[in-house]
Amino acid sequence: MSIAKIVEQALQDGHLTPAMEAEVGRICDNASELSIEEYMALDQLMGALLTGVVVAVPRKQFINVMEELVLSEVIANLSTIGATSESSLDTGDIAAYALNRLPPLYATTEEGAKYQRERAKTELDILISQQVSAAISAYLDRPKFFPERQVLNKLNKNTGNEILDQVSTLLQVHAHNFEQQEQQELS
């Protein structure tokens, strides 16, 4: 989206959302030089913000206490496993796996965060440990991908049959393995 479109939307809505603000920042950061139209749009936005025609929507500050608890648990577990494991373990992948299986504990103040931490220690400590252990196991058991692995190409708008051709070729290459396995099972 262009700066002019963002400013137009902000003027229409009367609000500049954090996403709109971030997009304007991204455009400005990535452009080597802004056009006159973009400078004029930014000037118009600044004037609208200063006069109150457009109001910047503040970002809500909050934390998910569960994230810090899970991350601490992952790090504690990985420090004991790290010496015995040959593979490098990705803390982020493991934490994300566990977090997807745990309830969020959001807080907007330090008092709320303290309450959520205490609640988690009394009610969810065992569940957090179980989910982190399961996440580590799942990470260690994940399949190893090989360099010869290929991604299916995107559809070509002209033919539309490229993915079908790729799948057909893939099946032809691996069909003999399936037939051999099926014959062995019948024997």
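For the numbers below, each heavy atom of this structure counts, side chains included, while hydrogens, waters and symmetry mates do not.
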Between Leu49 and Ala56, which heavy-atom pair has the shortest distance, and what is it? CD2-N, 3.9 Å

Drop me the distance from Lys121's NZ to Ile128's CD1, to the nearest 0.5 angstrom. 8.5 Å

Under a 3.5 Å cutoff, is there a donor and acceptor pairing between the side chains of Ser129 and Glu73? yes

Nearest heavy-atom contact between Ala98 and Ala135 is N-CB, 3.9 Å

Below 4.5 Å, heavy atoms only, C-beta onward: do Val7 and Leu42 meet side chain to side chain? no

How far does CG of Leu16 sit from CD of Glu23, to the nearest 0.5 angstrom? 11.5 Å

What's the separation between atom NZ in Lys114 and atom CD in Glu110, rounded to the nearest 0.5 Å? 9.0 Å

Can any side-chain N or O of Asp13 pair as donor or acceptor with the backbone N or O of His15 at less than 3.5 Å? no

Quick check on the hydrophobic clustering: are Leu71 and Leu99 connected, directly or via other members, by side-chain heavy-atom contacts under 4.5 Å? no

Output for pair (Arg117 CZ, Thr122 OG1), nearest 0.5 Å, gives 14.0 Å

Linking I/L/V/M/F/W/Y whenever their side-chain heavy atoms sit closer than 4.5 Å, directly or via other members, would Val53 and Met46 fall into one cluster? no

Begin from the C-alpha positions of Leu11 and Gln44 and carry the test side-chain contact (heavy atoms from CB on, under 4.5 Å) through to its verdict. CA-CA 9 Å; Leu11 288 169; Gln44 185 180 16; 3.3 Å; yes

Counting only heavy atoms not in Ile36 (residues, nucleotides, ligands), do more than 12 fall under 6.0 Å from its CD1? no

So, do Leu69 and Gln116 sit near enough that their side-chain heavy atoms are less than 4.5 Å apart? no

Establish whether Val24 and Val57 are linked, either directly or via other cluster members, by ILVMFWY side-chain heavy-atom contacts under 4.5 Å. no

Surrounding CD of Glu111 (heavy atoms of other residues, nucleotides or ligands, distance under 6.0 Å), is the total greater than 12? no

Please check if Ile75 and Tyr139 belong to a single hydrophobic cluster, counting links between Ile, Leu, Val, Met, Phe, Trp and Tyr side chain heavy atoms closer than 4.5 Å. no

In terms of side-chain geometry, is the basic nitrogen of Glu21 or Arg26 positioned less than 4.0 Å from the acidic oxygen of its partner? no

What I'd like to find out is whether the side chain of Val132 reaches to under 4.5 Å of the side chain of Val70, using heavy atoms alone. yes

I'd like to check Leu105 versus Leu124 (side-chain heavy atoms, cut-off strictly below 4.5 Å). Are they in contact? yes

Rounded distance (nearest 0.5 Å) linking atom CD1 of Ile3 with atom CE of Met40: 13.0 Å

Shortest non-hydrogen contact from Ala31 to Leu34? CB-CD2, 3.8 Å

Give, for atom CD of Glu33 and atom CD of Glu38, the distance between the pair rounded to the nearest 0.5 Å. 10.0 Å

Within residues 103-122 or reaching into it, pairs that qualify as ring pair (Phe, Tyr, Trp, His ring centres under 6.0 Å) - sequence neighbours excluded: Phe62-Tyr106

Give the cluster check for Tyr97 versus Leu140: same hydrophobic cluster or not, with ILVMFWY residues linked at side-chain heavy-atom distances below 4.5 Å. no

Closest heavy-atom contact between Ala107 and Ala113? CB-N, 3.3 Å

